[in-house]
Amino acid sequence: MPVDLDADSVTLARALLGAHFRVGAITVRLTEVEAYAGSGDPAAHAFRGWRPHTRHLFEPPGTLYCYRSYGIHVCANLVSGPDGSGSAVLLRAGQVVEGLELARSRRPAGVPDARLARGPGCLGQVLALSLNDSGRRLGEPGLDLRPPQGEVGAIASGPRVGVSVAAGRPWRFWLVGEPSVSAYRPSPRMLPGALDDLDEN
DNA sequence: GCTTTGATAGACT
DNA sequence: GTCTATCAAAGCA
């Protein structure tokens, strides 16, 4: 596998930008990701250790972990190294490069192509992911990852979206200038001053 | 059991 | 730019 899935989540997150992620008939070029560092990261689902709901996070790197958010959205993560640490990379947004027609049909009419997979929940919709897809592995039929082809544009980083703790860790990465990158929205539960820690990096 | 809380998206002013 | 519907899972009694 050209992409080093065993790398830690921050390293893997950067490596995934520009990569082509294929689920079934749809391929997206990843333009926005976030890193979560397992049990050492208060914002990670794995922070409180193994739970039935998060079991796939603790499986080997390359495992897909899907979870439901706000009741209706399904978000996709790729488990990273170290093996068994519960670290993962959240796939936040991408540009559909294959299966465009099918992707459009899975979203409301009138959505511009650039926004088909803008945001984790939208990405999940376009790839038709469900909680049943949690635990699948890269490389199995209908699921694979190709490394970036050619030059990957400038990479920017910043605080993670919707995370109310550990805002000081700029572990959100995206490709500069991509229209398919979602706008930054702080968590509704973000405490005043939570961003003050940014200076302490 | 019962209450609280989001790794959001879309509608609305 | 601002507001909020919506529901499963976590957290607590």
Side-chain angles (χ1 to χ4, degrees), chain A residues 8-10 12-14 16-17 21 28 30-58 63-80 85-96 103-135 156-174 178-192 194-195 197-198:
Chain A
D8 66 87
S9 55
V10 174
L12 180 62
R14 287 178 164 275
L16 286 177
L17 287 173
F21 179 56
V28 295
L30 299 174
T31 55
E32 184 186 1
V33 297
E34 283 177 11
Y36 287 85
S39 55
D41 180 0
H45 284 183
F47 178 57
R48 291 172 225 284
W50 194 94
R51 292 288 182 283
H53 182 233
T54 60
R55 63 190 181 281
H56 298 301
L57 273 175
F58 296 90
T63 301
L64 200 60
Y65 163 62
C66 302
Y67 69 94
R68 192 186 309 280
S69 180
Y70 286 78
I72 47 182
H73 308 292
V74 174
C75 307
N77 296 249
L78 197 55
V79 176
S80 73
S85 66
S87 300
V89 177
L90 168 66
L91 309 181
R92 285 195 54 85
Q95 168 195 12
V96 178
R104 285 183 188 134
S105 73
R106 287 173 174 167
R107 303 269 292 137
V111 176
D113 290 348
R115 296 190 186 180
L116 283 174
R118 189 170 102 159
C122 295
L123 188 67
Q125 277 183 40
V126 162
L127 298 179
L129 291 172
S130 73
L131 298 189
N132 294 330
D133 293 306
S134 204
S157 66
R160 291 172 291 185
V161 174
V163 173
S164 55
V165 290
R169 303 185 185 187
W171 285 354
R172 172 180 177 240
F173 303 98
W174 68 94
E178 285 287 339
S180 56
V181 173
S182 54
Y184 173 66
R185 283 227 297 284
S187 166
R189 297 283 168 182
M190 180 88 71
L191 297 175
L195 291 175
D197 299 335
L198 274 177

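Convention: sequence-line order gives letters A, B, ...; per-chain numbering from 1. Because the structure is a prediction, the values reported are computed rather than measured.
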C/dT6 - base-pair partner by Watson-Crick or wobble geometry, distances under 3.5 Å: none
Pairing partner (Watson-Crick or G-U wobble, both distances under 3.5 angstrom) of B/dA7: none
Specify the closest pair of heavy atoms between A/H56 and A/S134, including all atoms of both residues, with the distance to one decimal.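 Where A/H56 meets A/S134 most closely, the heavy atoms are CD2-OG, 3.1 Å.
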Answer with base, sugar-phosphate or nothing: what part of the nucleic acid does A/L90 contact at a heavy-atom distance below 4.0 Å?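 Result for A/L90 = base.
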For A/R68, answer base if it contacts any base atom (sugar-phosphate contacts may also be present), sugar-phosphate if it contacts only those atoms, and nothing otherwise; contact means non-hydrogen atoms under 4.0 Å. sugar-phosphate
Main-chain N/O of [Y] paired to [X] side chain as donor or acceptor, under 3.5 Å:
X      : Y      : answer
A/S9   : A/Y36  : yes
A/R55  : A/P52  : yes
A/R107 : A/L116 : yes

Under the criteria of a ring-centre distance below 5.5 Å and an interplanar angle below 30°, is A/Y70 stacked with the base of C/dA5? no
Starting at the 5' end of DNA chain C and moving along, which residue's nearest nucleotide shows up first, A/P52 or A/S69?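 Per heavy-atom nearest nucleotide, the more 5' residue is A/S69.
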Can you find a donor-acceptor N/O pair under 3.5 angstrom joining the side chain of A/Y67 to the base of B/dA7? yes
So for A/H45 and B/dA7, does any side-chain atom that can act as donor or acceptor lie under 3.5 Å from a complementary atom in the base?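 Indeed, a donor on one side and an acceptor on the other fall under 3.5 Å apart.
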Atom P, compared across B/dA7 and C/dC12: separation rounded to whole Å: 16 Å
Expressed as a whole number of angstroms, how long is the span from A/L123:CG to B/dG10:P?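 Going from A/L123 (CG) to B/dG10 (P), I get 13 Å.
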Ignoring backbone atoms, establish whether A/R107 has a side-chain N or O less than 4.0 Å from OP1 or OP2 of B/dG10.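 Yes, within the criterion.
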Reckon A/H53 has a side-chain N or O less than 4.0 Å from the OP1 or OP2 of C/dA8?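 No, no such contact exists.
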